[in-house]
Amino acid sequence: AQSVTQLGSHVSVSEGALVLLRCNYSSSVPPYLFWYVQYPNQGLQLLLKYTTGATLVKGINGFEAEFKKSETSFHLTKPSAHMSDAAEYFCAVSGGGGADGLTFGKGTHLIIQP
Amino acid sequence: IAGITQAPTSQILAAGRRMTLRCTQDMRHNAMYWYRQDLGLGLRLIHYSNTAGTTGKGEVPDGYSVSRANTDDFPLTLASAVPSQTSVYFCASSDSRVSTQYFGPGTRLTVL
């Protein structure tokens with residue numbers, strides 16, 4: 001069975017500050033890891049994903065995430081927050097071995113303070 | 001290319017009524033999924049289909065059924081709606097079980 005834990009249901013940062021959203025996962029098989037963003041009243045949009053290869057993954061809108069197998073983590077970062085980054089962020093894991101669909105974390109609401 | 005369309009956008013339904021949520025994709029993806037999103041719980045998988053003609057149960061399948069008669073359509077049916085099925089429902093599709101999933105805009109369902 002797979003699971004995802006996102007630390008912090010709400011994270012508040014000042015505009016221009018570093019954004020760090022934490023995600024830890026458990027998986028019995030090598031995981032595929034995803035970060036999605038959801039703006040109010042919209043569907044989910046892929047930010048970035050890790051499948052194999054380079055552990056530092058760059059995504060859209062200046063976000064990146066690093067897969068750390070030893071820490072079972074896939075934290076999302078952005079060097080400088082912008083007001084438009086305010087949204088809900090979801091970490092998700094997908095594995096083979098019979099698992100279908102994505103297992104999502106409960107989400108982190110990112111608040112940007114002016 | 002529209003991607004994934006869902007209908008209706010929103011619906012208020014009396015408990016006990018039957019309801020079908022529609023989902024259509026034009027990307028010729030093999031796999032399709034239904035999730036429900038509830039505040040504080042994230043998204044949870046209801047049912048999935050890895051290819052036309054096959055379906056499977058996800059984490060929260062009770063009270064829901066699906067069919068996959070062709071590649072493009074994946075309707076979700078609530079046979080007899082209950083208030084606990086009040087939620088936002090998202091349909092998604094992907095090339096395969098482990099590739100990126102693309103999401104529709106969602107259906108907001110309220111069961112009274």
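A, B, ... follow the sequence lines: proteins, then strands. Residue 1 opens every chain.
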Pick from B/A92, B/G106, B/G40: which one has the most heavy-atom pairs with chain A under 4.5 Å?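 Highest number of pairs under 4.5 Å: B/G40.
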
Residue pair [X] / [Y], side-chain heavy-atom distance below 4.5 Å:
X	Y	answer
B/E59	A/F104	no
B/Q101	A/L46	no
A/Y36	B/T100	yes
A/L102	B/Y35	yes

Can you list everything that forms a salt bridge (Lys or Arg N to Asp or Glu O under 4.0 Å) with A/K106? Sequence neighbours excluded, please.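 Partners of A/K106 by the salt bridge (Lys or Arg N to Asp or Glu O under 4.0 Å) criterion come out as none, since no residue qualifies.
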
Please classify the contact of A/L44 with chain B as side chain, backbone, both or neither, using a heavy-atom distance under 4.5 Å.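 Answer is both: backbone and side chain atoms of A/L44 are under 4.5 Å from chain B.
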
For A/Q38, which atoms come within 4.5 Å of any heavy atom of chain B: side chain, backbone, both, or neither?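 Only the side chain of A/Q38 comes within 4.5 Å of chain B.
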
Under 4.5 Å between side-chain heavy atoms, counting indirect links through other Ile/Leu/Val/Met/Phe/Trp/Tyr residues: same cluster for [X] and [Y] or not?
X	Y	result
B/V88	B/V60	no
A/L47	A/L33	yes
B/V66	B/M32	yes
A/V11	A/L48	yes
B/F103	B/L76	no

Pairwise salt bridge (Lys or Arg N to Asp or Glu O under 4.0 Å) hits with a residue in residues 55-71 of chain A, at least two apart: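 Sorted result for residues 55-71 of chain A: A/K58-A/E64.
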
What part of B/R44 is in contact with chain A, defined as an atom under 4.5 angstrom from a non-hydrogen atom: side chain, backbone, both or neither?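 B/R44 has no heavy atom closer than 4.5 Å to chain A.
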
Which atom pair, heavy atoms only, marks the closest approach of B/Q37 to A/F90?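 In this case the closest contact between B/Q37 and A/F90 is NE2-CZ, 3.3 Å.
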
